Amino acid sequence: TGQNVGIALYNCSYWDIIGLNITNFKQASDNSYAAPGWYESNVSHITHSLCTNYHNGDGFTLVGTHNYIYYTNCDSYENADRYTAGGQPAGGLCNGFYATPDAGEYVFYTGCRSWNNSDDGWDTFNSQGGYITFDNCWAFDNGWYLTTIGDGSGFKLGVITGPIESGVQR
């Protein structure tokens with residue numbers, strides 16, 4: 001029932017991670033954690049460039065506080081939580097990228113791709129007023145992988161608890 005994790009960063013700042021591939025971390029059993037390839041908690045000023053997360057139980061996962069987190073040209077694909085977990089059916093928790101920044105926190109995605117994950121490409125559903133930027137990112141064929149099926153949103157955007165701001169240029 002423990003948590004399998006590819007790489008975990010806890011309570012740290014100012015890391016630059018370049019070209020690291022994480023694969024084959026699987027969920028251990030029913031009602032166990034989803035086994036993320038990347039798991040980061042209470043981190044700031046972390047840069048991920050050219051990193052890949054695939055064939056894991058979950059994707060790039062940010063929890064706790066996470067501020068000034070940058071992803072550039074990163075891929076997350078063919079990840080699936082094969083067992084039930086946290087009251088969710090199999091496939092219902094595995095996202096390519098997961099982040100829920102609180103007010104005053106920032107997460108940036110540039111040129112990132114997410115496909116064939118059992119739940120969502122990007123899940124930011126429980127964001128509490130933080131800022132997330134997607135620049136030239138794409139997602140497709142999320143919501144199923146092998147025999148596991150989840151929601152399948154490409155970009156599941158968070159609940160808005162404060163004023164809406166937009167810097168979209170056309």
Side-chain angles (χ1 to χ4, degrees), residues 3-9 21-28 30-41 43 46 48 51-66 69-102 105-161 164 166 168:
Q3 184 167 6
N4 292 334
V5 176
I7 184 169
L9 299 176
N21 296 317
I22 303 295
T23 189
N24 291 323
F25 284 86
K26 305 294 184 194
Q27 189 179 19
D30 256 3
N31 295 313
S32 66
Y33 294 100
W38 295 76
Y39 185 89
E40 299 175 31
S41 178
V43 294
I46 307 294
H48 313 79
C51 294
T52 305
N53 182 67
Y54 63 101
H55 296 171
N56 295 304
D58 202 357
F60 291 94
T61 304
L62 292 170
V63 298
T65 59
H66 41 279
I69 309 301
Y70 300 87
Y71 294 90
T72 304
N73 296 323
C74 294
D75 293 329
S76 189
Y77 62 94
E78 296 179 355
N79 298 296
D81 53 320
R82 298 165 190 241
Y83 301 103
T84 60
Q88 296 288 323
L93 290 176
C94 179
N95 305 294
F97 295 86
Y98 177 82
T100 57
D102 289 332
E105 295 178 345
Y106 296 83
V107 179
F108 303 92
Y109 298 100
T110 304
C112 296
R113 297 151 302 266
S114 183
W115 70 96
N116 284 358
N117 296 292
S118 68
D119 197 19
D120 305 308
W122 271 268
D123 187 342
T124 65
F125 186 72
N126 288 317
S127 296
Q128 298 296 314
Y131 297 92
I132 301 172
T133 301
F134 300 98
D135 184 11
N136 293 317
C137 297
W138 50 263
F140 68 90
D141 283 344
N142 290 290
W144 64 274
Y145 177 63
L146 298 176
T147 60
T148 55
I149 298 173
D151 296 338
S153 299
F155 294 84
K156 184 189 286 182
L157 304 179
V159 175
I160 297 171
T161 59
I164 298 172
S166 177
V168 176

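Please read these numbers as outputs of a predicted model, since none were measured by experiment. Side chains are part of it too, since the values below use all heavy atoms of this structure and drop only hydrogens, waters and symmetry mates.
- Residues C94 and S118 come closest through the heavy atom pair CB-OG, 3.2 Å.
- A donor-acceptor pair is defined here as one N or O able to donate and one able to accept, closer than 3.5 Å; such a pair exists between the side chain of K26 and the backbone of H55.
- Here the straight-line distance linking atom OG of S41 with atom CG of L9 works out to 10.0 Å at 0.5 Å rounding.
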Take Y98 and D120 through the side-chain contact (heavy atoms from CB on, under 4.5 Å) test and state the conclusion after the steps. CA-CA 9 Å; Y98 177 82; D120 305 308; over 6 Å; no
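- Annotation: side chain of F60 is not in contact with side chain of L62 (no heavy-atom distance under 4.5 Å).
- Listed here is the closest heavy atom pair of N56 and N53: ND2-OD1, 2.9 Å.
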Working for side-chain contact (heavy atoms from CB on, under 4.5 Å), residues Y54 and D75: CA-CA 8 Å; Y54 63 101; D75 293 329; over 6 Å; no
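- Between Y109 and I132, the closest side-chain pair of non-hydrogen atoms falls below 4.5 Å.
- The CG atom of N73 sits 8.0 Å away from atom OG1 of T110, with the distance rounded to the nearest 0.5 Å.
- No donor-acceptor contact under 3.5 angstrom links the side chains of D123 and S153, judged on distance only.
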Test log, rule side-chain contact (heavy atoms from CB on, under 4.5 Å), inputs N95 and D58: CA-CA 6 Å; N95 305 294; D58 202 357; 4.3 Å; yes
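- By the 4.5 Å heavy-atom criterion applied to side chains, W122 and C137 are counted as neighbours.
- Only one option out of F97, F155, F108 pairs with F134 in a side-chain contact (heavy atoms from CB on, under 4.5 Å); it is F155.
- Across P101 and H66, no two heavy atoms sit closer than the pair N-NE2, 3.3 Å.
- A side-chain donor-acceptor contact under 3.5 Å links T61 to the backbone of G59.
- For the pair S127 and A99, the tightest heavy-atom approach, listed with the atom from each and the gap, is OG-O, 3.8 Å.
- Side chains of E105 and I69 form no contact here, defined as non-hydrogen atoms less than 4.5 Å apart.
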Taking it one step at a time, do V63 and Y39 satisfy side-chain contact (heavy atoms from CB on, under 4.5 Å)? CA-CA 8 Å; V63 298; Y39 185 89; 3.2 Å; yes
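- The CG atom of N142 sits 10.0 Å away from the CH2 atom of W115 when rounded to the nearest 0.5 Å.
- For the residue pair N79 / N117, a side-chain donor-acceptor distance below 3.5 Å is found, with atom types taken as modelled.
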